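It should be emphasised that the depicted structure is a prediction, and the values quoted were computed from it without experimental measurement. Within every chain, numbering begins at 1; the chains are lettered A, B, ... in the order of the sequence lines, protein sequences first and strands thereafter.
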Amino acid sequence: MKICVLVKEVPDAAVEKRIDASTGRMDRNGEKNLNPYDTHAIEAAMQIKEGGVIPVEEIVAVTMGPESAVRALHKAVSLGADRSLHLTDAALAGSDVAATGYALAKALEREAPDLVLLGQQSDDGECYTIGAVVADHLRMPSLTQVIQMDVADGGLRCERQAEYGYDTVQVELPAVISVGDAINEPRYPSLKAIMGAKRRPLETLASGDVGIDVALVGVDGSRVSCGEFHAPPAKAAGQIIEDEDTNETVEQIVAWLDERKLI
Amino acid sequence: MAEILVYVLHNEGTLNRNSLGAVSEAAKLASELGTTADAVVVGGSDLTDDLLGTLGSYGAGRVFRAAGPEGLAQPVVDVMAKVIDEHGHGYAIFGGGLLGFEIGAGLAARKQAGVTMEVTGVSVEDGKLVAERPILGDSQISRSKYRGDLGIIIGRINAFEVRESGSGPAEVVDVEIEYSPWSTKATMVQRGEQRGADVNIEDAKILVAGGRGLGKAEGFELAEALANALGGAVAATRAVVDAGWYPYAAQIGQTGKTVSPKLYLAAGISGAIQHKVGMQSSENIVAINKDANAPIFEFSDLGIVGDLNKILPRLTEAVKAKKGS
Ligand SMILES: Cc1cc2nc3c(=O)[nH]c(=O)nc-3n(C[C@H](O)[C@H](O)[C@H](O)COP(=O)(O)OP(=O)(O)OC[C@H]3O[C@@H](n4cnc5c(N)ncnc54)[C@H](O)[C@@H]3O)c2cc1C
Ligand SMILES: Nc1ncnc2c1ncn2[C@@H]1O[C@H](COP(=O)(O)O)[C@@H](O)[C@H]1O
């Protein structure tokens with residue numbers, strides 16, 4: 001089986017994310033990293049491969065993004081992907097969720113994977129939905145937020161928490177599965193893997209290479225435009241206590257609770 | 001004028017509260033737009049004419065009903081795409097939850113439509129809907145405008161108020177549907193399994209909520225001791241429920257319970273949006289977290305930056321002492 005894992009480069013969690021007022025897009029300057037949620041998807045692919053229930057020939061990391069996004073691919077390879085695919089094109093910049101999912105689906109179509117894995121959310125976009133968009137274009141069954149996934153009955157037996165409790169769903173392959181962060185504990189890459197990552201095959205593709213209709217992507221092809229950013233109504237800042245002397249801290253908490261008749 | 005179509009989720013013959021909120025909101029928006037709101041449901045024989053008729057009192061004109069599997073998104077995408085193709089709805093609205101995200105996104109792909117998720121407010125501008133969505137950890141709000149024939153709005157949980165307009169029963173319209181081949185390739189084996197004990201957190205006046213910061217399942221003993229001292233109950237985040245540390249019935253948030261106790265005290269909880277949406281209307285919010293930058297401090301009334309292992313046991317003792325005095 002061939003597994004494609006969708007990965008994305010996002011601003012480092014330690015960097016304050018902000019909107020660039022001049023373009024209305026996310027300011028993507030500063031430190032960047034592989035979206036931490038995607039490391040769970042790579043780990044899930046590795047566990048299927050190492051589990052041995054079904055032979056995995058290849059794990060391919062796929063991203064759409066600017067030039068710098070190759071670093072996310074290198075990281076993905078250091079975590080276990082065999083090679084990677086970088087979809088990059090000026091025409092794709094500013095794509096909304098639906099356009100991004102469409103473009104990724106076109107790149108994936110060419111790979112014809114048996115399984116597409118992705119993270120539950122991107123740290124910056126937080127849309128939770130790319131998987132469902134990709135799946136409809138690929139005409140594959142799909143589930144998001146999966147926290148347990150086993151190869152069973154020729155497909156995948158998946159578990160996830162939904163509105164009314166935990167659901168168990170049997171999914172036929174090929175399929176698109178977005179994994180929750182509780183599915184596994186991602187491994188750390190070895191130094192050797194980090195050093196070797198840049199030497200693994202990395203293919204760069206433009207829209208035309210995978211048959212993307214550029215009228216359907218980018219700012220102009222997107223059906224929703226976001227803008228007019230504004231701050232939410234300010235909430236009175238709460239009181240903060242730095243715990244230095246715990247007895248004193250506890251006294252303060254009790255007094256605070258007592259004042260509000262909560263004890 | 002293009003109508004609004006609302007997906008209504010249900011389970012065991014009960015309509016989802018957030019879906020009712022979405023219907024109420026759609027009805028309000030529709031009247032501003034000079035059009036009407038309809039609902040769509042997919043499921044089994046528990047979707048009776050009587051049950052669906054009640055959607056009229058939240059403002060739905062018609063309810064499109066299709067027979068199909070429950071708890072899965074892709075069949076609903078097929079049904080909604082068909083209803084929209086035949087009736088020309090201009091907007092699709094979903095209440096909060098997991099399926100709404102999946103269906104809304106699938107529908108956006110199918111119909112080449114714009115989609116906005118986590119929407120907290122919708123308004124009418126120049127005869128069109130504009131959706132507001134908080135972004136970047138709720139630090140900014142962005143406004144979405146739609147192009148094309150269909151705009152999709154996925155609400156944040158509890159964003160839309162349930163309002164009864166007192167109208168008569170909705171008209172139920174059956175939809176004959178042939179599902180796409182890929183929509184039937186996921187099958188429900190078991191739906192809505194309740195993991196862990198059946199506890200009640202919705203009626204508690206005081207909740208001590210525990211998160212991954214408790215370190216391990218046994219860490220909840222600290223939270224339980226404090227809850228006992230305060231005369232409250234213990235709640236949890238999804239992270240610890242997924243990890244099997246605490247029962248699902250105690251989970252607060254998007255796919256858990258919505259609570260508004262007099263006191264909500266968080267121990268080792270980061271304050272992710274999906275947790276926040278289930279507890280932000282609590283009267284008093286206290287958080288203990290060792291990370292001064294944890295998002296939970298943004299919406300706490302009292303925040304304590306420190307190690308819960310040091311603070312919780314002493315706080316429990318102090319509360320007991322105070323109560324004893
Ligand atoms: C579609 C969807 C639905 C979701 N539904 C829900 C939901 O219903 N409910 C929910 O809760 N989540 C939900 N989530 C998950 C949510 O996004 C977060 O992952 C989750 O709430 C995090 O839980 P946590 O705060 O326990 O863990 P973490 O985010 O890991 O936070 C742990 C915190 O503990 C602190 N800490 C660690 N050690 C100590 C110590 N010794 N003393 C003090 N502090 C310490 C850390 O600083 C950290 O801030 C959902 C996610 C998605 C995508
Ligand atoms: N530009 C992108 N390239 C590749 N994968 C992406 C991209 N954007 C999002 N994804 C994948 O989709 C998941 C969910 O992202 P989102 O829907 O933005 O929250 C991420 O965890 C990634 O696996």
### Task
Test A:Arg160 against every option in B:Asp242, B:Leu98, B:Thr255 by the side chain to side chain contact (heavy atoms under 4.5 Å, CB included) rule and name the one that passes.
B:Leu98
### Task
Output the option from A:Asn247, A:Thr249, A:Leu257 having the highest count of non-hydrogen pairs under 4.5 Å with chain B.
A:Asn247
#### Entry: Among A:His137, A:Gln161, A:Glu242, residue most engaged with chain B (heavy-atom pairs, under 4.5 Å)
A:Gln161
### Min side-chain heavy-atom separation A:Ile240-B:Phe297 under 4.5 Å
yes
### Query
Most heavy-atom pairs under 4.5 angstrom with chain B, which of A:Lys261, A:Glu251, A:Arg157?
A:Arg157
### Message
Using a 3.5 Å distance criterion without hydrogens, assess whether the side chain of B:Gln194 forms a donor-acceptor pair with backbone atoms of A:Tyr164.
### Response
yes
#### Entry: Check: A:Gly165 main-chain N/O paired with B:Tyr248 side-chain donor or acceptor under 3.5 Å
yes
### Message
Is there a side-chain contact between B:Leu230 and A:Leu262 in this structure, where contact means two heavy atoms from C-beta onward sitting under 4.5 Å apart?
### Response
no
### Heavy-atom proximity to chain A below 4.5 Å, by part of B:Ala239
neither
### Task
Please flag which part of A:Ser142 lies under 4.5 Å from any non-hydrogen atom of chain B: side chain, backbone, both or neither.
both
### Query
Relative to chain A, which of B:Gly306, B:Gly106, B:Ala249, B:Gly96 shows the most heavy atom pairs under 4.5 Å?
B:Gly106
### Message
With a 4.5 angstrom heavy-atom cut-off, is it the side chain or the backbone of B:Met188 that approaches chain A, or both, or neither?
### Response
both
### Query
Among A:Ala132, A:Ser225, A:Cys127, which residue forms the greatest number of heavy-atom pairs with chain B at distances under 4.5 Å?
A:Ser225
#### Entry: Main-chain N/O of B:Trp182 paired with A:Glu172 side-chain donor or acceptor, under 3.5 Å
no
### Query
When rounded to the nearest 0.5 angstrom, what is the spacing between NZ in B:Lys322 and CG in A:Asp258?
4.0 Å
### Task
Answer yes when B:Asp301 and A:Lys235 have at least one side-chain N-carboxylate O distance shorter than 4.0 Å, and no when they do not.
yes
### Query
With distance as the sole test, does B:Glu102 use its side chain to make a donor-acceptor pair with the main-chain N or O of A:Thr144 at under 3.5 Å?
yes
### Summary
Checked A:Glu126, A:Gln170, A:Gln145, A:Glu159 vs chain B; the most non-hydrogen pairs under 4.5 Å come from A:Gln170
### Candidates B:Leu263, B:Val319, B:Ile206 - the one meeting side chain to side chain contact (heavy atoms under 4.5 Å, CB included) with A:Ile263
B:Val319
#### Entry: Distance-only polar pair, side chains of B:Gln254 and A:Glu163, donor-acceptor under 3.5 Å
no
### Query
Taking the side chain as C-beta and beyond, is there a heavy-atom pair between A:Pro141 and B:Gln74 under 4.5 Å?
yes
#### Entry: Contact leader toward chain B among A:Gly101, A:Ser222, A:Ala182, A:Ala98, where contacts are heavy-atom pairs under 4.5 Å
A:Ser222
